[in-house]
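The structure under discussion appears below in the form of structure tokens.
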2 protein chains.
Amino acid sequence: MDGFSRVAKHTFRSRIADTLRDAILSGNIEPGSQLVETALAEQFGVSRGPLREAIRQLIEEGILETVPYTGTYVIDITVKDVDEIYSIRRNLETFAFEQLWDRRGEGFRNELLRRHEALTATIDAGDDKASILAELSFHGAVYEATGHSFLLRIWQSLRGRLQLYWAAHHRAHGIRGPRRDGHDAYLRLALGDDLAAMRGEIESHMRRGAEQTKAFLDGREPRPGRRA
Amino acid sequence: MDGFSRVAKHTFRSRIADTLRDAILSGNIEPGSQLVETALAEQFGVSRGPLREAIRQLIEEGILETVPYTGTYVIDITVKDVDEIYSIRRNLETFAFEQLWDRRGEGFRNELLRRHEALTATIDAGDDKASILAELSFHGAVYEATGHSFLLRIWQSLRGRLQLYWAAHHRAHGIRGPRRDGHDAYLRLALGDDLAAMRGEIESHMRRGAEQTKAFLDGREPRPGRRA
DNA sequence: GTGTCGTCGATTGTTGACAATCGATCACCA
DNA sequence: TGGTGATCGATTGTCAACAATCGACGACAC
């Protein structure tokens, strides 16, 4: 009697949180913009109660912030954040491979290959939004394979930020950065036998990513913003 | 016109979240036990609205979990969690020192010394509860000094877990593990010039910590619990 | 002009009542 | 005896109204 995933409990809160998160991370709601509860509640067709709980959840996830009695805002993107995200990501992804290295099996190999194919497919199809998700899914396979639930938890929060940055980048420039062969070396080394080389690849991979993202941020004119 | 911290906005939610978190992490509320909203709301003298939002926040912090329409429970402690926490903590604390190493200044040195003295003072005084917080504060100084806000954020979530474990350990055995000189080598190396030695110290420090905590967990009889 | 104070609309914070769901219990029946 | 379904208390989920607070605007005094 296995193979059945539990039926999804549907509470308004959880669905609202998912929908809102998706709208923010995909860039449909602009970073820095304000959310007003009454308007959102009406849009979703629910009262403010569950909506507020969903908002509270997203605040804790780090993609919203609120000032009491004043307003709730989508977080904005800063260069410092990008630096931090990539630096810690390099560290964590290296850690993930160290944990994983001697336990990589057929399952891991197949899953990584599968997701890499999915990634190149979205790039070939020119579907930029899908390619963002596919790239995150590709890297996510590594974290999932470790079986390390805390590591996975941390990755998921970083993942949100990355999605936000890349979506903003894409919205601004219309094109995505990664080339079709951007993960070939990564994939080959991840399935190979040279951990030190894999470490090096992660390092350069992250440096490239950080540079690209920061170049985009430096280039854009500072938005009016509500901050001093 | 500096030196004034912003006046604390007092919303019920934030105060409830703080109080509840403290009660859970310090062990006043037993791991695994159920929280019922109506009872808590009455205790705090507020309605269920703000209380639910506080709970939502603590769920997102990972110290509560909820099953829709059924109940809200304090997370329980497992051996796997301990292993994961210490393994990732070793990694992060090493990362913190790498980030920090060449930028350590007088401020860092003084702060670390200060907190180390505070730690030994609580141990000398036999104040076990305070020594738990002091030890967390001592290690926290390293993360704070990096100026890396994401790293700090992650540390704070790990910190909560550690506090929970140590408090449970203390409640069960009445005594705390760490000896008075448990951090002498750590402190000396953290202020020294040998990063490789510091790495080694972190490694053995974490191994000791994990062993102690796991020994406690293995030793306790499995509690009835609501899980299969 | 310049600074101060009060007013007002907008927004979030809080409340108490009501609805939906879950899990245990128990009667019932094959 | 085993299992099936109904009932019920407990708990969380949701709602709509009300309260508190903030920030902007403008009148007013100097």
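Bear in mind that the values here come from a model prediction, so they are computed numbers and not experimental data. Chain letters run A, B, ... following the sequence lines, proteins first and then strands; every chain starts at 1.
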* Judged by modelled atom types alone, do A:Tyr86 and A:Thr213 share a side-chain donor-acceptor pair under 3.5 Å? -> yes
* To do: Calculate the interatomic distance between A:Leu40 atom CG and D:dT14 atom P; express it in whole Å.
  => 16 Å
* Round to a whole Å and report the spacing from CZ of B:Arg52 to P of C:dT12. => 19 Å
* **Rounded distance (Å) that lies between atom C1' of D:dA10 and atom CD of B:Glu37** => 12 Å
* Asked: Reckon B:Thr72 touches a base, only the sugar-phosphate, or nothing at all at heavy-atom distances under 4.0 Å?
  -> sugar-phosphate
* Select base, sugar-phosphate, or nothing to describe what B:Leu35 touches, counting heavy atoms under 4.0 Å on all strands. => sugar-phosphate
* B:Arg48 near the nucleic acid: base, sugar-phosphate alone, or nothing, with a heavy-atom cut-off under 4.0 Å? -> base
* Residue pair B:Arg90 / B:His205, side-chain donor-acceptor N/O under 3.5 Å -> no
* If you pin A:Thr70 and A:Thr11 to their nearest nucleotides in DNA chain D, which one's is more 5'? -> A:Thr11
* Closest nucleotide among C:dG13, C:dT11, D:dG13 to the B:Pro68 side chain -> D:dG13
* To do: Mind calculating the distance between OH (B:Tyr69) and P (C:dC22) to the nearest angstrom?
  => 8 Å
* Between atom CD in A:Glu53 and atom P in D:dT14, what is the gap in whole Å? -> 7 Å
* Using a heavy-atom cut-off of under 4.0 Å over every strand shown, decide if B:Pro50 touches base, sugar-phosphate, or nothing. => base
* A:Asp22 side chain to A:Thr19 side chain, donor-acceptor N/O pair below 3.5 angstrom -> no
* Structure fact -> A:Ile16 CD1 to D:dG13 P, in whole Å, measures 13 Å
* Structure fact -> B:His10 atom NE2 is separated from D:dC22 atom P, nearest whole Å, by 9 Å
* To do: Check every strand shown and say whether A:Gly71 touches a base, only sugar-phosphate, or nothing at a heavy-atom separation below 4.0 Å.
  => sugar-phosphate
* Quick one: do the B:Gln34 and B:Thr72 side chains pair a donor with an acceptor below 3.5 Å? -> no
* Quick check, are the ring centers of A:His148 and A:Tyr143 under 6.0 angstrom apart? -> no
* Asked: Nearest-Å distance, CD (B:Gln34) to C1' (D:dA10)?
  -> 9 Å
* Asked: Where the side chain of A:Val46 is defined as all heavy atoms beyond and including C-beta, which of D:dC15, C:dT11, C:dT15 is the nearest nucleotide?
  -> D:dC15
* So, is B:Ser47 close to the C:dT15 phosphate, meaning a side-chain N or O under 4.0 Å from OP1 or OP2? -> yes
